[in-house]
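Before any comments, here is the structure.
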Amino acid sequence: MRLMEDAAVVLPPADPSSHLDRSEVLTPEQCWEHLRASSVGRVAFVVDGWPVVLPVNYAIAGSDIVLRSGPGSKLTAARRTSQVSLQVDAIDVVYRSGWSVLLFGTAETVADPSEIAGIDDLGLRTWAATEHMEWIRIHPVSVTGRALPRAWRYPGAPE
């Protein structure tokens, strides 16, 4: 994980302590396991002073997250080397359980053809039917997560 090189950049908020009995704080390693096992999340960034949250599919390239985008707000934000967050989760409504990982980082477009060739080998294909897609890389600054174990089970179900 890379740290911010620009000392003027404000670091993301720390993971708040939880007073929930059932909430389990995930280690960074557990967070990365969940990120590697998933491929869809939500990326958040600010456009014209307003928060924007959009669904994305992603891949992991080394210690970075990569995604593709056509023209629009994600690409514009990445071209500005914008601060972003990526949230990935899994929820089981029946058992009132799940996990959530929140990654903070900086986004930038990938322009180097040799880097693009390496990222292309990851096999990530956008779900959008848009031409002229560009790669965006998110350099993580911090990653935190929480898990909630099963809170309920079917009557008579084995433990």
Side-chain angles (χ1 to χ4, degrees), residues 1-47 51-69 73-75 77-78 80-110 112 115-127 134-154 157-159:
M1 182 180 327
R2 292 185 204 147
L3 297 179
M4 299 297 296
E5 294 175 10
D6 183 354
V9 174
V10 177
L11 293 176
D15 186 25
S17 61
S18 175
H19 298 290
L20 298 174
D21 295 347
R22 297 178 344 104
S23 179
E24 171 192 340
V25 176
L26 299 175
T27 66
E29 294 78 19
Q30 290 171 312
C31 291
W32 280 101
E33 285 175 23
H34 285 305
L35 289 170
R36 280 189 290 278
S38 300
S39 63
V40 177
R42 287 161 294 285
V43 67
F45 51 96
V46 175
V47 176
V52 176
V53 180
L54 298 172
V56 295
N57 61 319
Y58 68 90
I60 297 178
S63 61
D64 295 332
I65 301 291
V66 292
L67 55 107
R68 296 197 79 173
S69 179
S73 55
K74 285 184 285 201
L75 195 54
R80 295 181 186 153
T81 311
S82 179
Q83 294 173 327
V84 299
S85 61
L86 175 73
Q87 193 266 333
V88 178
D89 60 27
I91 299 168
D92 185 333
V93 295
V94 171
Y95 292 103
R96 300 177 191 163
S97 63
W99 57 266
S100 178
V101 171
L102 182 60
L103 180 143
F104 289 98
T106 57
E108 65 183 14
T109 55
V110 180
D112 182 333
E115 286 185 67
I116 291 172
I119 295 171
D120 276 337
D121 289 343
L122 296 174
L124 177 67
R125 300 294 174 249
T126 181
W127 291 5
E134 293 188 41
W135 285 105
I136 297 172
R137 175 190 304 117
I138 300 174
H139 297 293
V141 173
S142 72
V143 61
T144 60
R146 299 253 185 234
L148 285 174
R150 289 182 170 189
W152 180 85
R153 64 182 184 90
Y154 286 104
E159 296 267 343

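Predicted, not measured: the structure shown is a model, and the values here were computed from it.
In plain terms, the two heavy atoms of E108 and H139 that are nearest each other are OE2-NE2, 2.9 Å. In terms of heavy atoms, L148 sits closest to R96 at CB-O, 4.4 Å. Nearest heavy-atom pair, H34 versus Y58, reported as atom, atom and distance to 0.1 Å: O-OH, 4.4 Å. Closest approach of G145 and C31 over heavy atoms only: N-SG, 3.4 Å. A pairwise comparison of heavy atoms in S85 and L102 identifies CB-CD1, 4.0 Å as the closest pair. Of all heavy-atom pairs spanning I138 and G105, the tightest one is CG2-CA, 4.1 Å.
Atoms CD and CD1, from E134 and I116 in turn, are 8.0 Å apart once rounded to the nearest 0.5 Å. In this structure, T109 OG1 and W135 CH2 are separated by 13.0 Å, a value rounded to the nearest 0.5 Å. Here the CZ-CG distance, from R42 to L54, works out to 11.0 Å after rounding to the nearest 0.5 Å. The distance from the OG atom of S100 to the CG atom of L26 is 8.5 Å, given to the nearest 0.5 Å. A distance of 4.5 Å separates CD1 in I60 from CD1 in I65, rounded to the nearest 0.5 Å. To the nearest 0.5 Å, the span separating CG on L124 from CG on L67 amounts to 7.5 Å.
The side-chain heavy atoms of L103 and S142, taken from C-beta on, include no pair separated by under 4.5 Å. Within the 4.5 Å cutoff, the side chain of L35 has heavy atoms near those of the V143 side chain.
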